[in-house]
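Protein chains get the first letters and strands the later ones, always in sequence-line order, with residue 1 at the start of each.
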Protein chains: 2
Amino acid sequence: MLTAYFQNLVPFTDDEIADVLSYFEHETIKKNTTLIKEGQISNKLYFVEKGIGRSYYLKKDGKEVTQWFFGAGNFMASADSFFQQTPSFYYLEVIEDTLLYTITKEKLDLLIEKYRKMETIIRLLAIEILTSFVHKLNSIQFQTARERYDYMLSEFPDISYRAPLGQIASYLGMTQETLSRLRRSEQA
Amino acid sequence: MLTAYFQNLVPFTDDEIADVLSYFEHETIKKNTTLIKEGQISNKLYFVEKGIGRSYYLKKDGKEVTQWFFGAGNFMASADSFFQQTPSFYYLEVIEDTLLYTITKEKLDLLIEKYRKMETIIRLLAIEILTSFVHKLNSIQFQTARERYDYMLSEFPDISYRAPLGQIASYLGMTQETLSRLRRSEQA
DNA sequence: TGAATCCTTTGACCTAAATCAAAAAATGAA
DNA sequence: TTCATTTTTTGATTTAGGTCAAAGGATTCA
């Protein structure tokens, strides 16, 4: 899956791909494990092979706000912390038993130096993440609660039914009571 | 200013910088000029030397929604359209008389091929844009109108007083009436 | 310099969604 | 299998901010 992801962006030879993959580690993570806490500098970039990851932060009143869901087939990171090596604003966790490929910042930098194509991939990855964030921003700003939930269903159909309701509600910027009522009216 | 921007990310020699700058053009643009319309594929990346740029889109009801303001010292683009060469979701315009450096996609690609450092710069640029978008997303989701305006004041103090109120209001996801009332209470 | 257009303010009223509270359902641990 | 904890649903009430309408100000351009 990771191989396909790379090949899709920039073509590699089989030898190159094998070498690139050797920089990654394979990990199995149990449900509800925290990968990064707020304030830590994130040293790893993750690729979700199976399962769901989530980033969130705590409001002053202690309530969690989901910032993003990472489904299978996507890279996951506390992007600003990892790329800019600054303290993370977010917590990162997995909300299901999850299979991850991971790479450290140091190894990624080595890879980027070794393969120019890798730098291209990271550039494209950053732009892709950027695009999807912008898309979310536009889907949430000025939209009603119902429209925001419709965006969620179309953008993350699988996650919409696997993540706890409260986590989805905060991702969409509404209370869980409101989301619960929306779901009821959905089925009618 | 553009030189400083580059040097700040990756060191170049004087000769290199001169060569890189020769790929850019210098343009003076009159207030309220549209640079890109929705649906067009954006072929240019802009650097704002002086003035203010703005991206916006139209809702189904025809109302403009400001997506971003670009102040002096920043790159401006319809990011997804320029980098991925897809039809732009946004309009791009300048809201003051503006001095811009511009570079076409073709020339930028040449530069990236010629100087690896350029690819690094674009990668870092993409990550920087990403980070600031994420920051906005977090500052708007779950915040009250007052808090959103405070974010605007701290993030874009200059633009807060130079852009028309309606444009700022839609950027912050509120009506202009609400923003007008906020400002009044501000002064009290 | 004045008509025309655009931008901002103000007021009255309304509504979507938040808050508060508590019951019901689901999950998990012993 | 039961008890405890967490998650979801439902109801009653409140409120922030939206909508509608109209009047003032400020720009612009002939």
Side-chain angles (χ1 to χ4, degrees), chain A residues 30-34 51-52 54 56 58-66 69 91 93-97 139-153 159-188, chain B residues 30-34 51-52 54 56 58-66 69 91 93-97 139-153 159-188:
Chain A
K30 278 257 166 267
K31 181 172 175 172
N32 294 331
T33 304
T34 298
I52 301 177
R54 175 176 87 109
Y56 66 94
L58 299 181
K59 286 199 298 178
K60 311 106 247 156
D61 64 8
K63 282 189 191 143
E64 293 182 3
V65 176
T66 299
F69 289 109
Y91 291 79
E93 65 169 19
V94 302
I95 63 171
E96 292 187 349
D97 291 354
S139 304
I140 283 185
Q141 197 176 28
F142 269 109
Q143 302 291 115
T144 62
R146 147 111 279 135
E147 289 167 321
R148 279 178 271 165
Y149 183 55
D150 288 343
Y151 150 82
M152 178 79 195
L153 286 174
I159 295 173
S160 305
Y161 294 108
R162 280 153 67 192
L165 177 133
Q167 294 184 4
I168 295 173
S170 74
Y171 176 75
L172 296 175
M174 64 184 73
T175 61
Q176 54 179 343
E177 291 93 330
T178 296
L179 181 53
S180 175
R181 284 184 250 261
L182 275 176
R183 279 200 172 154
R184 180 183 44 178
S185 70
E186 189 85 345
Q187 293 148 0
Chain B
K30 279 257 166 267
K31 182 172 175 174
N32 294 330
T33 305
T34 297
I52 302 177
R54 175 177 85 111
Y56 66 93
L58 299 180
K59 287 200 296 178
K60 309 108 247 156
D61 64 9
K63 282 190 192 141
E64 292 182 3
V65 177
T66 300
F69 290 109
Y91 290 81
E93 66 169 19
V94 302
I95 63 170
E96 293 186 349
D97 291 353
S139 303
I140 283 185
Q141 195 178 31
F142 267 109
Q143 302 293 116
T144 62
R146 148 112 279 134
E147 289 167 321
R148 277 176 272 165
Y149 183 54
D150 289 342
Y151 151 81
M152 179 79 194
L153 285 174
I159 296 174
S160 305
Y161 294 108
R162 280 154 65 192
L165 177 133
Q167 294 183 5
I168 295 174
S170 74
Y171 176 75
L172 296 175
M174 64 183 74
T175 61
Q176 55 178 344
E177 291 94 331
T178 296
L179 181 53
S180 175
R181 284 184 251 261
L182 275 178
R183 278 199 174 157
R184 181 182 45 178
S185 70
E186 189 85 345
Q187 292 149 358

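Counting to the nearest Å, the P atom of dC6(C) and the CD atom of Gln167(B) are 14 Å from each other. What separates CD1 of Ile168(A) from P of dT8(D) is a distance of 8 Å, to the nearest Å. Look at CZ on Arg162(B): it is 17 Å from P on dC7(C), rounded to the nearest Å. Here dA26(C) presents its P atom at 14 Å from CG of Leu165(A), a figure rounded to the nearest Å. Between the CD atom of Gln143(B) and the P atom of dG17(D) there is a distance of 11 Å, given to the nearest Å. Protein atom CG of Asp97(A) is 14 Å distant from nucleotide atom C1' of dG28(C), rounded to whole Å. In this structure, the CD atom of Gln176(B) is 13 Å from the C1' atom of dT10(C), given to the nearest Å. Spacing between atom CD of Glu64(B) and atom C1' of dC7(C) amounts to 13 Å, rounded to whole angstrom units.
Taking the six-membered ring where tryptophan is involved, the planes of Tyr56(A) and Tyr91(A) are essentially parallel, since the angle between them stays under 30° and well short of 60°.
Counting all heavy atoms, side chain and backbone alike, Ile168(A) lies closest to Ala163(A) at CD1-O, 3.5 Å. Smallest separation of non-hydrogen atoms from Ile52(A) and Ile159(A): CD1-CG1, 3.8 Å. Closest of all the heavy-atom pairs between Ala169(A) and Leu179(A) is N-CD2, 3.6 Å.
Side chains of Leu58(B) and Glu64(B) form a contact here, defined as non-hydrogen atoms less than 4.5 Å apart. Looking only at side-chain heavy atoms (C-beta outward), Tyr171(A) and Arg54(A) stay at 4.5 Å or farther from each other. Contact annotation: the side chain of Tyr151(A) never approaches that of Gln143(A) to less than 4.5 Å [non-hydrogen atoms, C-beta and beyond]. Side-chain atoms of Met152(A) and Arg148(A), non-hydrogen and from C-beta on, never get closer than 4.5 Å to each other.
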Under 3.5 Å, N/O pairs linking protein and nucleotides 18-21 of chain C:
from: dA18(C); atom 1: OP2; to: Thr175(A); atom 2: N; distance (Å): 3.3
from: dA18(C); atom 1: OP2; to: Thr175(A); atom 2: OG1; distance (Å): 3.1
from: dA18(C); atom 1: OP2; to: Thr178(A); atom 2: OG1; distance (Å): 2.5
from: dT19(C); atom 1: O4; to: Arg181(A); atom 2: NH2; distance (Å): 3.3
from: dC20(C); atom 1: N4; to: Glu177(A); atom 2: OE2; distance (Å): 3.3

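Side chain of Asp97(A) to main chain of Lys30(A): no donor-acceptor pair is present (N/O by atom type, distance under 3.5 Å, no hydrogens or angles).
Between the axis at the start and the axis at the end of the helix from dT1(C)-dA30(D) to dA30(C)-dT1(D) there is an angle of 60°, using five pairs per end and rounding to 10 degrees.
Atom CD of residue Glu93(A) and atom OG1 of residue Thr66(A) lie 8.0 Å apart, to the nearest 0.5 angstrom.
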Subject >> Under 4.0 Å protein heavy-atom contacts per nucleotide of nucleotides 23-30 of chain D, with B for base, S for backbone only and - for none >> reply: -----S--
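Using modelled atom types and a 3.5 Å distance limit, the side chains of Arg183(A) and Tyr149(A) yield a donor-acceptor pair.
Applying the 4.0 Å criterion to OP1 and OP2 of dT10(D), one finds that Arg184(A) has a side-chain N or O inside that range.
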